[in-house]
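Comments concern the structure below.
Letters go in sequence order (proteins before strands), and every chain restarts at 1. Atom set for the values below is all heavy atoms of this structure, side chains included, hydrogens, waters and symmetry mates excluded.
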Amino acid sequence: MDKKIKNAGDIIKMPEDMKERIIKNCESAEKTKFTCTDSDDGYIELASGTDRVDTQNRIVRLICAIAACAVLVAGIGTTGVLIHRQNTKLLGSDANDEAYRIMSPFGDFSTLPFRLFTDDGKNGNYSAETYEKLAAFLNGFDWGEELEEDETRTYEQDAKGPIYSINWFEGNRTNHIYIANDGFVSYIEYQPSDNIYKDSLDVVEQKYFKIDLDSFGTSIEEILAQDTEKISPFGDFREFEFIFKADMRTYRMHSKGTINDRLCDLLNNFDWGEGVDEPAPENEVLHYSLFDYAVQWQKDQSISTWKDDFIYYGIYIESSGRTIYEIIKDDYDHMDSEVIERKVYQIDFNDFANKYHEIISNGEYINENEINALTIGEFQKVAFYNYMDKEYGNYLDKDHGPFSNDEDKRTKLEEFLKNDFFRMLKIYVPIEPDDSVDELEYDSDSEPVGSGPDFEIEFEYKMEDEKTIRKMDFSIYDGDVKMHEWIEDEDGLGNGSYTLDVKEFENRLAELGIDLSIRTTEDDIEESEHLSYDSVYDILKSVEVKRRAYLKGYSDVEIVVELRDAEDNEIMLSDENMEKLKTFVENEFQFDLMLKSDPINGEYSYEYQPQTYGIDIKYMSGGKVVLGRYYNISGNGIANLSDCEYDSNGGSTWSGPFIYYLDINEFYAKLEECGAR
Amino acid sequence: MLKDGCAREAVERYGDVLYRVCLLMLRNTADAEDAVQETFIKYVTKSPDFADREHEKAWIIKVAANKCHDMLRYRTRHFTESEELLDGYAVSKEDSGILDALMELPEKYRLVLVLFYIEEYKVNEISEIVGIGTSAVKMRLSRGRKLLEDKYRKEYM
């Protein structure tokens, strides 16, 4: 076999014409200087007089540029780690200096999202406080000198399995520490293979140590013995996956990440008080969007495999503190849901809300490596859109934007966006368990809550080949930030999710002269009437801004309204009634009716609701539909809107669904007035 | 070592090795040519000083392997047409089969097998070139060889 491979491989030679092409190009390259050289000392040198050599595949240049910069970034990161490790040796010299933090050979456990597993049946489910103690112990523990090789290690020695194992995930890296019953410690770091075989892992680093297991074990057991994790009346939230919905954000919880730990602690340790059995009122809708906070889960089910005809659990918290805990056996179309258990608690709402906000405000900022990766290439331009502004426009457009007459403002805003904005981005708590955002295809359904963004920022960077333009769009929705990255006129490169402190961001914008008090239109909503519905107002407003901006490009827009029944057949009306319906739909229906109802929340995760009525609004120009808005209204008042923009080439771009809750009885009354019911 | 004005000499000396590695890694002649060219351009413009010829060759292969890796990563998002790579070579059916089987292995096995069996590098040298530990190289060789044998016997014999 060995010889066969060798013989077969040796047959492959480079064709002579290819050789000549390469030699010619190399000689040409030799004579010229290069724009970017990643020299050995880790600095980028810049020179002029570029004369690039064409490759057959220009995208490769971009990938190479990204790879080169990634190497540079990795170099900086490595240096940081080395400096950090050097510092640990100096610990005795100045123990009070925060720069000299104690750190293990595997990193600083106080910052690693690790889990410790031992044979105590708890499956690593300890309180955040216990993990803090474990981190301090693991950082300070004497792991001894690193062993050169594991070659002398036999299978039998490891066959009994580890006494302790410590795992964590960072980015796409998986780290394992196995501690065997003789004190032998193996550390392995893996990363996914970057090839078409996605399931395989590459070993990045291996380390071996021999520790005093008695000393290690005694200390660990002492710490674990003090673990006093409380369990909520609803069960241990560390034991199952759950969806936590709050402040218009959705968190899907899994057993990793410090924010997740803290939320588990909140739900487990919170004083829920005594629950009182209470029968469910008839036709009660426990839709999570109607509550300030909601938690939902199914026992023994991963969130990703939730089924419709299953028993699920929910906690629904109102701002009054009234909290409903309900176990429901549901079916496919939610028509025959059966309440198995229902209790009502009265909690201290402010206490819960404060604790939740404390957790969220501890979000960690993205690091310099990620900022470097985001800002790779030569900055070209940035556009900034504020959807609160009735004048939809780019603030950095010197001809037509709101700052077109003020160069100073434009310069300052551009500087802020190019630099400080990236430093305001925080790590996002993933919605999906293994949400490796840079690998996901762009999916407009993953846009957060409700509707369009409050702000949009679009960057352009020129890549090393001096031709390729990399674009990056940040959409900011009430603190959630979605990033989409692509090459101009080509495929997407990836996506990212972040959060930011909205108040801090808006304060900076205000300092830069952006008036955030501007409302969408003067005539559509009387503000005083709707002050308590700010969130709904914002959703509707931004959808409206988008619609208006879109329709600006067309002249003579005509509106066609179609009313549909439960089977989606059009309900025919007389001309007079159709005019009434049109007026109602364009005005009261789209704004006032929904705003006068109970508070509406948007939710992006679509749930099937059987249609009772459908309303299609078609904006026509030149005999063609340019924008369609399709409402599906169900009998329980959930209204589901999808928007679709049609281009002249027959293409279409869908957005939504946006989900609202309206007063169904008032809606029916209006239909009756239009002769449609 | 080869330096200054050495493009022709370098391509003559290392061209076949690099092309072999890149072609077996990328399974596409145009991409292999790009990777080889990028490698030589880097070599003539910004290679470090080499201790000896083996050091130089190892550096060149390492750069080429990295280029291939980057291109394969790009390919995971972009479809690339496959082609009959060994057209134009006087390859027996048996030889062609073993290479086809080799090219179907995952990248990480393919590279160490090519370096070990075709370029005849030692485990510690492959460890240097690929940037992984010697035990990982041994593991990949062992598993890669097993996979190759299975594939070859099942599909090409």
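Within the model, atoms CG of Leu23(B) and CE of Met14(A) stand 10.0 Å from one another, a figure rounded to the nearest 0.5 Å. Atom CD1 of Ile41(B) is separated from atom CD1 of Ile22(A) by 8.5 Å, given to the nearest 0.5 angstrom. In this structure, SG in Cys26(A) is found 10.0 Å from CD in Glu38(B), a value given to the nearest 0.5 Å. With rounding to the nearest 0.5 angstrom, the CD1 atom of Ile5(A) is 10.0 Å from the OH atom of Tyr152(B). In this structure, the separation between NZ on Lys24(A) and CD on Gln37(B) is 10.5 Å, given to the nearest 0.5 Å. In this structure, CZ on Phe40(B) lies 9.0 Å from NZ on Lys19(A), to the nearest 0.5 angstrom.
Ionic pairing of Glu119(B) and Lys6(A) is not present here: no N-O contact between side-chain nitrogen and carboxylate oxygen is shorter than 4.0 angstrom.
When heavy atoms are compared at a cutoff of 4.5 Å, Glu205(A) does not approach chain B at all.
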Show your working on side chain to side chain contact (heavy atoms under 4.5 Å, CB included) between Asp10(A) and Arg20(B) and close with a plain yes or no.
-> CA-CA 8 Å; Asp10(A) 279 347; Arg20(B) 205 152 43 223; 4.0 Å; yes
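No donor-acceptor pair closer than 3.5 Å links the side chain of Asp16(B) to the backbone N or O of Lys13(A).
Closest heavy-atom contact between Ile23(A) and Arg8(B): CD1-NH1, 3.7 Å.
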